Structures are given as structure tokens and as C-alpha cells.
Amino acid sequence: MKELSNVKCHGGNQLRCTHFSTTLLCEMNFSLFLPEALATGAEIKLPVVYWLSGLTCTDENFVQKAGAQRIASELGLILVAPDTSPRGERVPDDSEGAYDFGLGAGFYVNATQEPWNNNYHMYDYITQELPELINKRFPVDENKQGIFGHSMGGHGAISIALKNPEKFKSVSAFAPICSPSTCPWGIKAFKNYLGDDVEEWKQYDSVELVKQATRPILILVDQGTADEFLNEQLKPSLLVEACNRVGYPLNYNQREGFDHSYFFISSFIENHLRFHQGILSMV
């Protein structure tokens, strides 16, 4: 691992690092915020929350636009923001350079179809390799890990938490793609990454995973009512319906007049960080 930058921020430090990923077979960047509590040099371990970004984003969008560092520093939370897909000259991309598939659009799955299956293993990267690296190099309490995200990253956060409740004890999302198996973004990605068998898609579909969950954890979701992708791509009503049907705990908030942008995220990021801190402090 190599440190690319390290700057002071709200009493703590905002870092950007790079490393070679043996899971994705390429160099990967991630951003990490260390709160003020660690600046004293005290030997303590703090909770960590992973942020998964959406389509077209990198590890830098969240740290530059969400305004999360001040509250994270106050609460004593370490924040980790990985990239959204593998990168590099040898990593395949959409032949037409589409924004919703290929580079910047890893969808947090393990691809099984060529040529994507050599590099696009974002699920394993987020659930295994990156946490192992973070836990080894930084003062993280491994028993206090949360995950949240936006849009494609909201899909990733919820589906990963549902499949790994022993690893991620708290989960939330802004405007998540709730049912990727039934929306244009998800269908395109899943068909290319996973093949034509829709049954294979269900292992990464939050609506389907809720129906099978045996160890529920509370999900927090915020959704703007003026979101241009609300009905065609995000479909939160399907997640609400599935949770109600099986009695899965969901705190779903409709935010009147908010869109899909980081203006929306920055408006409610404090709520989400306090939500995670409240749960992780009780673990």
C-alpha cells in the first residue's frame, strides 16, 4: 500500500491510498478519513464505515462532496471510500464507453462472464480484500463495521449487508437501486457480468435477499421525491413492499423535493453517520 495524499481535515486526516488488488488484478485507489480522536496518538481502535459510490464515481466523489468529515470526526468514525470498479489499461470496458457499464460501474458483484470475470470481482474486494487491508494497516475495531452508499452503491451496501450481517453491523443507503433485476441499469449490468440466468441475479438483488434473510439488521434508506431515476431505475416501493411482507426492519424516509445529487446526500449525511455510530457503539 502507498499513501498518495494526507491532508488535515476537521481535526483528523483525509488520506488517499493505492495498492495492487490480487482480487481485481489491478491497482486500486481508496480514500480514508481518520477522525480527530486518532490525532493524539492514543492506542485506540475505532468503528469503521464503508461508503460505496454510484455510477461514474471514483473514491474521491464522496470525500469531496458529501461533507461527512466534520461529523465523522465528532463521532469518532473511520470512513473508507473505495473505487466503483477495477481500473487500468488491461481492464475491459464497455465498447461504446457507456457510463452505466464497465469502468466506473462494477455493480459490486463477482462477474462470471468473459471478459469481465478476470477483473470485475467487486463483491469479494469490498467484503474481503479491502477490509483485510484496512484492518491490518489502520486502528479499526473489526467488530464494529458498517456500510452505506448511494444509487449503485446503495444497492451494493444493502445487498452486501444482507449477505454478510456478521461483518457489517449497520447499513444505510441514499436513493439505492433496490431491485436491479428489474430495472434497466441492473438488467444491463447483470446480464453482461452474470449471464442470462435470472436466478443468478437474485444473489445480488436486495428485494430478493430480504425475502431470504435470517439475521435481520435495521436498514435506513433516504429517497428524494424529485429524483429523476425514482420510478424507472430505483424502485424503492419494491423494497418497502418486500420488507413489509416478511417483517424486515426498514426505516424508509421520503425527502420532499430532493433529487439524486450530492446536494441530497450532504443534506442528510449527518443523520446517516449518527445512525451508524448509534448502532456500532452498542455492538
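Positions are given from 1, in the same order as the sequence printed here. Please read these numbers as outputs of a predicted model, since none were measured by experiment.
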Cluster check [X], [Y]: I/L/V/M/F/W/Y, side chain < 4.5 angstrom:
| X | Y | value |
| --- | --- | --- |
| M1 | L34 | yes |
| I126 | W116 | yes |
| Y252 | L209 | yes |
| L250 | I160 | yes |
| L79 | L38 | no |

Side chain of [X], backbone of [Y]: donor and acceptor closer than 3.5 Å?
| X | Y | result |
| --- | --- | --- |
| S85 | G104 | yes |
| D59 | A81 | no |
| D227 | G224 | no |
| N119 | V91 | no |
| S151 | G153 | no |
| D94 | L103 | no |
| E129 | T22 | yes |

Is any side-chain heavy atom of [X] closer than 4.5 Å to a side-chain heavy atom of [Y]?
| X | Y | value |
| --- | --- | --- |
| I219 | N251 | no |
| F138 | L133 | no |
| I269 | I71 | no |
| N6 | E3 | yes |
| L194 | Q113 | no |
| F33 | N13 | no |
| V221 | S172 | no |
| V80 | L130 | yes |

Of all heavy-atom pairs between [X] and [Y], which one has the smallest distance, and what is that distance?
| X | Y | result |
| --- | --- | --- |
| L162 | P165 | O-CD, 3.7 Å |
| C57 | R87 | O-NH2, 3.1 Å |
| G146 | L280 | N-CD1, 4.0 Å |
| G106 | Y120 | CA-CD2, 4.2 Å |
| T18 | E27 | OG1-OE1, 3.3 Å |
| C178 | P236 | SG-CA, 3.6 Å |

**Request:** Evaluate side-chain contact (heavy atoms from CB on, under 4.5 Å) for L239 paired with S179, printing each intermediate quantity in order.
**Result:** CA-CA 7 Å; L239 180 63; S179 179; over 6 Å; no
**Message:** Before you tell me yes or no, could you show the steps for F107 and Y193 under ring pair (Phe, Tyr, Trp, His ring centres under 6.0 Å), namely the whole-Å CA-CA distance, both residues' side-chain angles and the distance that decides it to 0.1 Å?
**Reply:** CA-CA 9 Å; F107 264 84; Y193 290 140; 7.0 Å; no
Does [X] [atom1] have over 12 foreign heavy atoms under 6.0 Å away?
| X | atom1 | value |
| --- | --- | --- |
| F263 | CZ | no |
| K188 | NZ | yes |
| R16 | CZ | yes |

**Item:** Derivation of the side-chain contact (heavy atoms from CB on, under 4.5 Å) call for M122 and N110
**Value:** CA-CA 6 Å; M122 287 298 293; N110 286 338; 6.0 Å; no
**Request:** Given side chain to side chain donor-acceptor pair (under 3.5 Å), test H121 with T23 step by step and report yes or no.
**Result:** CA-CA 7 Å; H121 296 157; T23 301; over 6 Å; no
**Asked** Centres of the F258 and F268 rings: under 6.0 Å?
**Response** yes
Which distance, rounded to the nearest 0.5 Å, do you find between the [atom1] of [X] and the [atom2] of [Y]?
| X | Y | atom1 | atom2 | value |
| --- | --- | --- | --- | --- |
| T225 | N253 | OG1 | CG | 12.5 Å |
| S170 | K144 | OG | NZ | 11.5 Å |
| Q69 | E36 | CD | CD | 13.5 Å |
| L32 | R137 | CG | CZ | 12.5 Å |
| S206 | H155 | OG | NE2 | 7.0 Å |
| Q145 | H276 | CD | NE2 | 12.5 Å |

**Asked** In terms of the angle between their ring planes, are F264 and F174 parallel, tilted or perpendicular, with boundaries placed at 30° and 60°?
**Response** perpendicular
**Prompt:** Between E200 and Q203, does a side chain to side chain donor-acceptor pair (under 3.5 Å) hold up when you go through it step by step?
**Reply:** CA-CA 6 Å; E200 291 295 315; Q203 64 179 307; 3.2 Å; yes
**Message:** Tell me which pairs pass side-chain hydrogen bond (donor to acceptor under 3.5 Å, both in side chains) where either residue lies in residues 158-168, with sequence neighbours left out.
**Reply:** Y123-N164
**Request:** For side chain to side chain donor-acceptor pair (under 3.5 Å), just list the numbers for D205 and S181, CA-CA rounded to whole Å, side-chain angles, deciding distance to a tenth of an Å, and then say yes or no.
**Result:** CA-CA 6 Å; D205 189 304; S181 295; 2.9 Å; yes
**Complete:** Result for side chain to side chain contact (heavy atoms under 4.5 Å, CB included) between V171 and one of L218, L220, I217 points to I217
**Request:** Please determine which of Y108, F190, Y204 meets the side chain to side chain contact (heavy atoms under 4.5 Å, CB included) test together with P180.
**Result:** F190
**Request:** Could you please spell out the steps behind the side chain to side chain donor-acceptor pair (under 3.5 Å) verdict for D83 and N29?
**Result:** CA-CA 6 Å; D83 203 345; N29 297 332; 5.7 Å; no
**Asked** Between E74 and R274, is a salt bridge (Lys or Arg N to Asp or Glu O under 4.0 Å) present by the stated rule, with each step listed?
**Response** CA-CA 10 Å; E74 174 190 325; R274 292 192 183 280; 2.8 Å; yes
**Message:** Go through it in stages, so that I can follow the logic: the residues are F148 and F275, the test is ring pair (Phe, Tyr, Trp, His ring centres under 6.0 Å), and I'd like the CA-CA distance, side-chain angles, deciding distance and then a yes or no.
**Reply:** CA-CA 11 Å; F148 64 154; F275 169 81; 9.6 Å; no
**Prompt:** After noting the C-alpha distance and the side-chain angles of E241 and R245, does the key distance pass the salt bridge (Lys or Arg N to Asp or Glu O under 4.0 Å) rule?
**Reply:** CA-CA 6 Å; E241 180 183 348; R245 187 181 304 123; 2.7 Å; yes
**Request:** Evaluate ring pair (Phe, Tyr, Trp, His ring centres under 6.0 Å) for W185 paired with F229, printing each intermediate quantity in order.
**Result:** CA-CA 10 Å; W185 280 340; F229 305 113; 4.8 Å; yes
Residues 46-55 side chain polar contacts: donor-acceptor under 3.5 Å, at least two apart:
from : atom 1 : to  : atom 2 : distance (Å)
W51  : NE1    : S53 : OG     : 2.8

